Trainee: 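This is the structure I want to talk about, given as structure tokens.
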Amino acid sequence: MHEESERPQEKTTNENHEERKEREERLENEETEDEKLESDLLYTLEEVPPWYMSIFFGFQHYLTMAGGTIAIPFVISPFLCLGEEDPARGALVSTIFFHSGLITLLQTTFGVRLPIIQGGDFAYLVPTISILTTSFASCETLPLNNMTETAKEAVWQGRFNEIQGALAVAAVVQVLLGFTGAIGFVLTWITPLAIVPTVTLVGLSLFDVAIRQAAQHWGISVLTMVLMVLFSQYLRDVALPVPVWKKGRRVGTVNFLVFKCFPVLLSIFASWIVCAVLTSLDVFPERSPARTDATGSLMANSPWFRVPYPGQWGMPSVSAAGVVGMLAGTVASIIESVGDYYACARITGAPPPPTHAINRGIGIEGLGCVLAGLMGTGSGTSSCSQNIGAISITKVGSLRVVQYSAVIMILCGMFGKFGALFVTVPEPVVAGVFVVMFAMITAVGVSTLQYVDLGSSRNLFVFGISVFLGLGVPKWLDANPSVIQTGSLTANQVISVLLRTPMFVGGVLGFFLDNTIPGTDKERGVIAFRNRVRRGKDAPHVLQDTRCYDIPVGMDTIKRIQWLRWLPFSPTFRGLQGVRTTSQSNKGKV
């Protein structure tokens with residue numbers, strides 16, 4: 001009996017030994033990759049290039065984020081009933097650039113302190129569209145042509161104020177999650193099967209918006225899509241020589257993957273030029289959406305210099321339906337940002353971000369979204385994943401470069417003509433970009449399934465039900481808008497907005513089913529996902545000097561104040577267990 005009882009224990013020991021050996025091999029491989037990444041960096045996190053090279057690299061970051069960020073005002077303008085010639089369209093673009101620069105500067109200085117650009121997030125678009133289509137009448141039903149300019153302004157600003165209030169109040173939740181340290185607890189319940197339907201449905205639910213705009217002129221839209229595919233896929237490995245500053249020499253050249261870094265902007269500019277040529281030759285008929293003069297006098301009516309400010313579109317209005325609906329976008333944005341923090345740290349050769357840096361980063365992003373609601377950008381801001389990819393290509397991981405980029409964004413946001421120039425891009429061109437970008441968002445969401453055991457019928461059930469009902473329920477409500485009757489108008493609006501938000505329906509279903517249906521952590525992909533995201537936590541080879549995440553001013557004072565160690569966003573915070581250990585050791589010394 002005694003020998004038989006020892007066999008299972010011996011087998012378990014062997015399995016643990018094999019798992020430990022496999023983990024050590026994986027860490028060794030990651031160490032090699034990290035060393036290679038760090039050695040290839042032209043400038044690491046704390047290195048500062050010459051000021052003129054910093055401007056060049058910073059402008060490059062600005063161009064990278066601009067391609068996705070300018071898409072947001074284009075999407076929401078038709079739902080706001082904004083005319084094509086209304087100067088407010090250009091002002092929206094300028095505002096989102098100005099705001100992104102401010103939050104990027106705040107994030108890189110006092111937040112997570114990684115070279116991450118803050119820009120508009122498509123996760124907020126879905127609830128925004130749901131709120132506008134649920135709480136307001138369709139723009140097609142309004143007699144806009146018979147309205148005065150003052151009446152038109154009242155229409156779109158009334159709608160926009162609703163979005164502003166919903167975003168600002170929902171962002172308060174993000175501020176609390178970050179600065180109270182609750183984000184770490186919440187993330188333990190966020191599994192791959194909760195993330196997949198949430199992110200995937202962001203892209204899938206926007207396909208009808210993209211297709212409807214592309215249908216305005218399929219020729220130009222298809223041309224833009226073809227160019228994006230050509231630049232981002234077929235020519236992505238084609239490098240062109242560009243001048244750069246190199247260590248030990250004044251000026252040199254490096255082969256730069258231009259098409260891989262700027263496929264969106266190159267596609268927009270190329271299609272824009274084609275439209276301009278065809279417009280000058282009168283190939284397009286009058287009032288065609290593909291004409292470059294369709295915006296009329298927008299450029300002339302836009303001011304040269306304008307500083308965006310809170311309340312510029314009026315006071316935000318708050319409704320329960322809007323706030324609850326916008327919370328879905330907030331949750332998706334938090335999940336995406338935390339992943340971006342770890343990815344950026346790895347690419348720039350920095351140690352994995354400590355808890356206090358993540359808490360500050362999410363808290364600062366929440367403050368940024370509160371300011372976005374007050375200022376009126378049309379969308380919340382979060383980390384731009386495309387800029388992290390640009391760092392891996394350019395090998396410039398300097399924090400100072402991103403701060404230069406933030407200043408460039410602020411300056412560009414104050415020039416009204418600059419924002420208006422982007423709005424003159426024909427809608428079919430932007431629609432072609434939408435189709436590709438929304439498709440990529442969908443693919444990114446599905447890619448998280450790599451951590452999950454897809455041979456498990458349990459996982460297939462959770463994924464299938466979440467995505468199917470996430471698409472089906474909103475479509476059913478669109479066809480039956482008056483089906484929800486609770487006896488309370490507020491309750492009707494809240495439920496309607498939530499159930500018309502695909503990412504909320506799919507995300508909640510995935511979260512609930514994956515955390516309640518029995519299944520092992522390995523089967524659900526939890527172990528593999530956390531090892532990937534929190535790589536380096538228990539690895540001895542990873543640099544543990546996290547001083548790069550300290551606040552740049554006042555650290556000597558912060559270290560002397562003992563009670564600051566209890567604050568989750570303080571650089572001296574090491575968790576409650578670390579605080580207790582420190583307190584006990586100090587007590588023993590006394």
Side-chain angles (χ1 to χ4, degrees), residues 65-86 88-90 92-93 96 119-126 128-130 132-133 138-140 201-233 262-279 283-296 298 378-379 386 419-444 502:
M65 66 83 66
T69 300
I70 63 172
I72 294 173
F74 278 97
V75 173
I76 65 174
S77 290
F79 295 95
L80 294 173
C81 306
L82 264 176
E84 292 183 354
E85 300 183 12
D86 197 323
R89 291 169 67 103
L92 283 178
V93 175
I96 198 169
D121 192 349
F122 285 107
Y124 291 98
L125 273 182
V126 181
T128 295
I129 294 174
S130 298
L132 291 175
T133 54
S138 173
C139 295
E140 286 76 9
L201 289 170
V202 171
L204 290 177
S205 59
L206 291 171
F207 82 94
D208 55 343
V209 176
I211 295 300
R212 185 167 56 249
Q213 292 195 5
Q216 295 179 1
H217 197 290
W218 276 111
I220 297 300
S221 297
V222 170
L223 171 64
T224 308
M225 285 185 273
V226 170
L227 289 174
M228 282 200 67
V229 173
L230 178 66
F231 294 150
S232 65
Q233 302 302 318
F262 308 121
V264 176
L265 287 175
L266 290 175
S267 302
I268 290 177
F269 289 148
S271 297
W272 196 1
I273 292 173
V274 171
C275 289
V277 172
L278 295 180
T279 300
V283 174
F284 297 131
E286 291 292 332
R287 311 301 301 175
S288 171
R291 294 184 67 94
T292 54
D293 57 0
T295 54
L298 187 146
S379 171
Q386 62 266 31
L421 179 64
F422 277 104
V423 181
T424 60
V425 179
E427 289 191 5
V429 174
V430 182
V433 175
F434 286 168
V435 172
V436 179
M437 293 184 69
F438 295 161
M440 287 304 300
I441 293 174
T442 304
V444 168

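Just so we're clear, the structure is a prediction, and the values are computed from it rather than from any experiment.
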Trainee: Could you go step by step and tell me if Arg89 and Leu92 meet the side chain to side chain contact (heavy atoms under 4.5 Å, CB included) rule?
Mentor: CA-CA 5 Å; Arg89 291 169 67 103; Leu92 283 178; 5.6 Å; no
Trainee: Would you give the length of the straight line joining atom CD of Gln213 to atom CG of Asp208, rounded to the nearest 0.5 angstrom?
Mentor: 10.5 Å
Trainee: Run the side chain to side chain contact (heavy atoms under 4.5 Å, CB included) check on Val75 and Ile129 step by step: do they pass?
Mentor: CA-CA 9 Å; Val75 173; Ile129 294 174; 4.0 Å; yes
Trainee: How many angstroms lie between atom CG of Leu80 and atom SG of Cys139, to the nearest 0.5 angstrom?
Mentor: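 These two atoms lie 7.5 Å from each other.
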Trainee: Quick one: list whatever passes side chain to side chain contact (heavy atoms under 4.5 Å, CB included) with Thr128, sequence neighbours left out.
Mentor: Ile76, Leu132, Ile163, Met326
Trainee: Test your reading of the model: is there a side-chain donor-acceptor pair from Arg291 to the backbone of Phe284, 3.5 Å cut-off?
Mentor: yes
Trainee: Can a donor-acceptor pair be found, under 3.5 Å and without considering hydrogens, that links the side chain of Thr224 to the backbone of Gly432?
Mentor: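 No.
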Trainee: Once rounded to the nearest 0.5 Å, what's the spacing between atom CD1 of Ile220 and atom SG of Cys275?
Mentor: 4.0 Å
Trainee: Answer yes or no: is there a donor N or O on one side and an acceptor on the other, between the side chain of Ser221 and the main chain of Ala431, under 3.5 Å?
Mentor: no
Trainee: For the side-chain contact (heavy atoms from CB on, under 4.5 Å) test, which of Ile273, Thr279, Leu278 pairs with Thr292?
Mentor: Thr279
Trainee: With rounding to the nearest 0.5 angstrom, report the CH2 to CG distance, Trp218 to Leu223.
Mentor: 13.5 Å
Trainee: A side-chain contact here means heavy atoms from C-beta on lying under 4.5 Å apart; do Pro289 and His217 qualify?
Mentor: no
Trainee: Does Ser130 offer a backbone N or O that forms a donor-acceptor pair with the side chain of Thr133 under 3.5 Å?
Mentor: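 Checked: pair present.
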Trainee: What pair of heavy atoms forms the shortest contact from Met228 to Val433, and how long is it?
Mentor: SD-CA, 3.7 Å
Trainee: Output the distance between atom OG (Ser267) and atom CG (Leu230), rounded to the nearest 0.5 Å.
Mentor: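 Those atoms lie 8.0 Å apart.
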Trainee: Between atom CG of Leu227 and atom OG of Ser271, what is the distance when rounded to the nearest 0.5 Å?
Mentor: 4.5 Å
